[in-house]
Amino acid sequence: MFALCDVNAFYASCETVFRPDLKGRPVVVLSNNDGCVIARSAEAKPFVKMGEPYFKQKDFLRHHGVVCFSSNYELYADMSNRVMTTLEEMVPRCEIYSIDELFCDLTGVRHCRDLTEFGREIRSTVLQRTHLTIGVGIAQTKTLAKLANHAAKRWQKQTGGVVDLSSVERQRKLMAALPVSEVWGIGRRISKKLEEMGIKNVLQLADTDIRFIRKHFSVVLERTVRELRGEACLELEEFAPVKHEIICSRSFDGRITEYEEMRQAVCSYASRAAEKLRGDHQYCRFISAFVKTSPFGPEPYYGNSASIKLLTPTQDSRDIISAAIRCLDVIWKDGHRYQKAGVMLGDFYSQGIAQLNLFDENAPRKNSQKLMDVLDRLNAEDGRGTLYFAGQGIQQQWQMKREMLSPCYTTRYADLLRVK
DNA sequence: TCTGGGGTCCTAGGACCC
DNA sequence: TCTGGGGTCCTAGGACCC
């Protein structure tokens, strides 16, 4: 038996926890660069569109008194930690699935108590400790637990935010009421194709011949359908598997037209990607950089990427930065108004020594590890950006826009809430 | 003027092997 | 007239998730 717990309107709720004056008001959170709406409070949901560009809705939002925030990932990451720690204490085994979601294995809990009651207890504990409200969905498979969670949120008043969907009868009743697009793993494309085949609600999908599904779709959808029938195909992943790639990319505030500025940006992203790589205790051989103009608007689109394969795996920022800049030099073209760039690392190894190559002319760097340790330690203790590479530039004019950023209430002393 | 960022998995097709 | 069969590895692209 699985439970899926997730925080209601997570980003928007994090913003209101320390702002009781916003209670009852519509609140939205914007993506990086104040680009699109990516989270809405319950009050905002009925009339603010998800994923829509902010600039298109600005006047409309102001007119309706909607409070907007730039995204504050430092705050969300810390609040997420508080929620996850609380949940981890209460359940025997769990998997942190995303910043605001956690799957639990309720196998041990099952025989000793009522699952709904247990769900309520989890919910009230998280609320008490973090002031965040979660929904709990319970069922035999992850996909059904997700569906139960959806029901818990949609009918929050009637369900108290907890739905136990372990009875097949209840499963079928709920599935008949929901369109296929609500199922975990079924996005826009597949739901459209299913609907064209006459498979409109979830129950119809669950009752479709598995061979038909396999013939017209991939094994992924086959698993989803089996899960809807109560056959568990997805396990609880208690320990996060190692990553296969690391990406650092950002849109710019405005557009970049000068090579020098782009070099600073690519250098910064490469250096951040290298930090993440060391955080995961990995070494990489594959490094790539990309640049692109905006896909919107009238100007001709240009986007390109280049990559480099090193002979020996590295985690040294200097190697990664220099490779990324060499990639940039291959793809840079004058005359474009660039909107975004990024750096990607791949082909990971758990150590850097690898096989010494007979033809490798670059001798391994001396004391690389020590230097990187110092770099990371200073940036950890005194804040990101304490020590950085000259190539990143000193005044980063292209830095993303965050004009409505809230304080980091829980992670910075200077931002601590004052009580009169 | 202005439209996010970071991941995963699967499949098909090409190149190559014996 | 007629040109095999079985396999691996890699990559690009598509789909999905939050």
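Here is the naming used below: chain letters follow the sequence lines, and residue numbers restart at 1 for every chain.
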S.K.: Can a side-chain donor-acceptor contact be found between Tyr349(A) and Gln315(A) if the only test is distance below 3.5 angstrom?
M.R.: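 Note: Gln315(A) and Tyr349(A) side chains miss the donor-acceptor criterion.
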S.K.: Counting side-chain heavy atoms from CB outward, which of dG5(B), dC17(C), dT8(B) is closest to Ser251(A)?
M.R.: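 The answer is dG5(B).
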S.K.: Could you give the CE-to-P distance, from Met404(A) to dC2(B), as a whole number of Å?
M.R.: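 Taking atom P of dC2(B) as the reference, CE of Met404(A) is at 16 Å.
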S.K.: From the options dT8(B), dC10(B), dG4(B), select the nucleotide whose nearest atom is closest to the side chain of Val219(A).
M.R.: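 So the nucleotide nearest the side chain must be dC10(B).
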S.K.: Rounding to a whole Å, what distance do you find between Met400(A):CE and dT1(B):P?
M.R.: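 Nearest whole value for this atom pair: 24 Å.
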S.K.: Are Asn72(A) and Ser70(A) linked by a side-chain donor-acceptor pair shorter than 3.5 Å?
M.R.: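 The answer is no; no qualifying pair exists.
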S.K.: By nearest nucleotide on DNA chain B, pick out whichever of Gln339(A) and Ser218(A) is the more 5' one.
M.R.: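 The residue mapped nearer the 5' terminus is Gln339(A).
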S.K.: How would you label the contact of Asn32(A) with the nucleic acid (heavy atoms, under 4.0 Å): base, sugar-phosphate, or nothing?
M.R.: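 If one applies the 4.0 Å heavy-atom cut-off, Asn32(A) turns out to touch the sugar-phosphate alone, with no base involved.
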S.K.: Measure CZ/Arg250(A) against P/dG4(B) and give the value in whole Å, please.
M.R.: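 Atom CZ in Arg250(A) sits about 12 Å away from atom P in dG4(B).
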S.K.: Starting at CD of Glu95(A) and ending at C1' of dC17(C), how long is that distance when rounded to a whole Å?
M.R.: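 It is 12 Å, rounded to the nearest whole Å.
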S.K.: Using the 3.5 Å cut-off, write out each protein N or O paired with an N or O of nucleotides 14-16 of chain C and the distance between them.
M.R.:
from	atom 1	to	atom 2	distance (Å)
dA15(C)	OP1	Arg189(A)	NH1	3.3
dA15(C)	OP2	Arg189(A)	NH1	2.2
dC16(C)	OP1	Gly187(A)	N	3.1
dC16(C)	OP1	Gly187(A)	O	3.4
dC16(C)	OP1	Arg189(A)	N	3.4
dC16(C)	OP1	Ile190(A)	N	2.8
dC16(C)	OP2	Arg189(A)	N	3.4
dC16(C)	O3'	Gly185(A)	O	3.4

S.K.: With a 4.0 Å cutoff (strictly under), does any side-chain N or O of Lys243(A) reach OP1 or OP2 of dG7(B)?
M.R.: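 Affirmative; the distance criterion is met.
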S.K.: Among dT8(B), dG6(B), dC10(B), find the nucleotide with the atom closest to the side chain of Arg223(A).
M.R.: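 Closest nucleotide to the Arg223(A) side chain: dC10(B).
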S.K.: Between Lys340(A) and dG5(B), does any side-chain N or O lie under 4.0 Å from OP1 or OP2?
M.R.: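 For Lys340(A), the contact criterion (side-chain N or O under 4.0 Å from OP1 or OP2 of dG5(B)) is met.
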S.K.: Leu178(A) and side chain to side chain contact (heavy atoms under 4.5 Å, CB included): which single residue from Leu147(A), Asn201(A), Leu205(A) fits?
M.R.: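 Testing Leu178(A) for a side chain to side chain contact (heavy atoms under 4.5 Å, CB included) against Leu147(A), Asn201(A), Leu205(A) leaves exactly one candidate, Leu147(A).
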S.K.: Reading DNA chain B from 5' onward, which residue's closest nucleotide shows up sooner: Ile246(A) or Cys36(A)?
M.R.: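 That would be Cys36(A).
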S.K.: So, does Ser249(A) get its side chain near the phosphate of dG6(B), meaning an N or O under 4.0 Å from OP1 or OP2?
M.R.: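 So the side chain of Ser249(A) is within the cut-off, an N or O lying under 4.0 Å from OP1 or OP2 of dG6(B).
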S.K.: Between Lys146(A) and dC18(C), is there a contact of a side-chain N or O with OP1 or OP2 at under 4.0 Å?
M.R.: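 Answer is yes, contact under 4.0 Å.
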S.K.: State whether Arg337(A) places a side-chain N or O below 4.0 Å from either non-bridging phosphate oxygen (OP1 or OP2) of dC2(B).
M.R.: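 Yes, such a contact exists.
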S.K.: Taking atom types as modelled and ignoring hydrogens, do the side chains of Asp329(A) and Tyr259(A) form a donor-acceptor contact shorter than 3.5 angstrom?
M.R.: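 There is such a pair between these side chains.
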S.K.: Name the nucleic acid region contacted by Tyr97(A), choosing base, sugar-phosphate or nothing; use a 4.0 angstrom heavy-atom cut-off, strictly under.
M.R.: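 Contact class for Tyr97(A): sugar-phosphate only.
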S.K.: What nucleic acid atoms does Ile247(A) come within less than 4.0 Å of, heavy atoms only: base, sugar-phosphate, or nothing?
M.R.: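 Touches sugar-phosphate only.
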S.K.: Using whole Å, what does the distance between atom C1' of nucleotide dG5(B) and atom CE of Met344(A) come to?
M.R.: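 Rounded to the whole Å, the gap is 13 Å.
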S.K.: May I ask you to evaluate whether Arg255(A) reaches the phosphate of dC2(B), defined as a side-chain N or O under 4.0 Å from OP1 or OP2?
M.R.: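 Yes, within the criterion.
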S.K.: Using atom P of each nucleotide, how far apart are dC18(C) and dT3(B) to the nearest Å?
M.R.: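 dC18(C) and dT3(B) have their P atoms separated by 25 Å.
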S.K.: Under 4.0 Å from OP1 or OP2 of dG6(B): is there any side-chain N or O of Lys276(A) that close?
M.R.: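 So the side chain of Lys276(A) is within the cut-off, an N or O lying under 4.0 Å from OP1 or OP2 of dG6(B).
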S.K.: With no hydrogens and no angle check, just 3.5 Å: does a side-chain donor-acceptor pair link Thr141(A) and Glu231(A)?
M.R.: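 No.
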S.K.: Establish, from distance only, whether the side-chain atoms of Gln264(A) and Glu261(A) form a donor-acceptor pair under 3.5 Å.
M.R.: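 Checked: Gln264(A)/Glu261(A) side chains show no N/O donor-acceptor pair below 3.5 Å.
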S.K.: For Phe296(A) and dT3(B), is the gap between ring centres under 5.5 Å while the planes differ by less than 30°?
M.R.: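 Stacked: ring centres under 5.5 Å, planes under 30°.
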S.K.: Pick base, sugar-phosphate or nothing for Glu101(A), based on heavy-atom distances below 4.0 Å to the nucleic acid.
M.R.: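 Sugar-phosphate: the residue Glu101(A), judged by heavy atoms under 4.0 Å, touches backbone atoms but no base.
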S.K.: Indicate, with a heavy-atom threshold strictly under 4.0 Å, whether Arg214(A) touches base, sugar-phosphate, or nothing.
M.R.: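 Sugar-phosphate contact only.
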S.K.: Whether the Tyr76(A) and Asp78(A) side chains hold a donor-acceptor pair (N or O, under 3.5 Å, no angle test) is what I'd like checked.
M.R.: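 Their side chains do not contain a donor-acceptor pair, so the 3.5 Å distance test is not met.
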S.K.: Scan Arg402(A) against the nucleic acid and name what it touches under 4.0 Å (heavy atoms): base, sugar-phosphate only, or nothing.
M.R.: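 The answer is nothing, as Arg402(A) stays clear of every strand by at least 4.0 Å.
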S.K.: Using Watson-Crick or G-U wobble geometry with both distances below 3.5 Å, tell me the partner of dC18(B), or none.
M.R.: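 Answer to the pairing question: dG5(C), which forms a Watson-Crick or G-U pair with dC18(B).
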S.K.: dT1(B) P sits how many Å from Trp398(A) CH2, rounded?
M.R.: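 That distance rounds to 25 Å.
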S.K.: Grab the CZ-P distance between Phe290(A) and dG4(B) for me, whole Å please.
M.R.: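 That distance rounds to 12 Å.
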S.K.: Would you classify Asp100(A) as touching base, sugar-phosphate or nothing, given that sugar-phosphate means primed atoms plus P, OP1 and OP2, and contacts are heavy atoms under 4.0 Å?
M.R.: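 Contact class for Asp100(A): sugar-phosphate only.
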S.K.: Strictly by modelled atom types, are Arg278(A) and Ser317(A) linked by a side-chain donor-acceptor pair under 3.5 Å?
M.R.: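 Checked: Arg278(A)/Ser317(A) side chains pair up, N/O donor to acceptor below 3.5 Å.
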S.K.: Round to a whole Å and report the spacing from OH of Tyr301(A) to P of dT3(B).
M.R.: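 From Tyr301(A) OH to dT3(B) P: 13 Å.
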S.K.: Under 3.5 Å, is there a donor-acceptor pair linking the side chains of Thr143(A) and Glu227(A)?
M.R.: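 Present: a donor and an acceptor within the cut-off.
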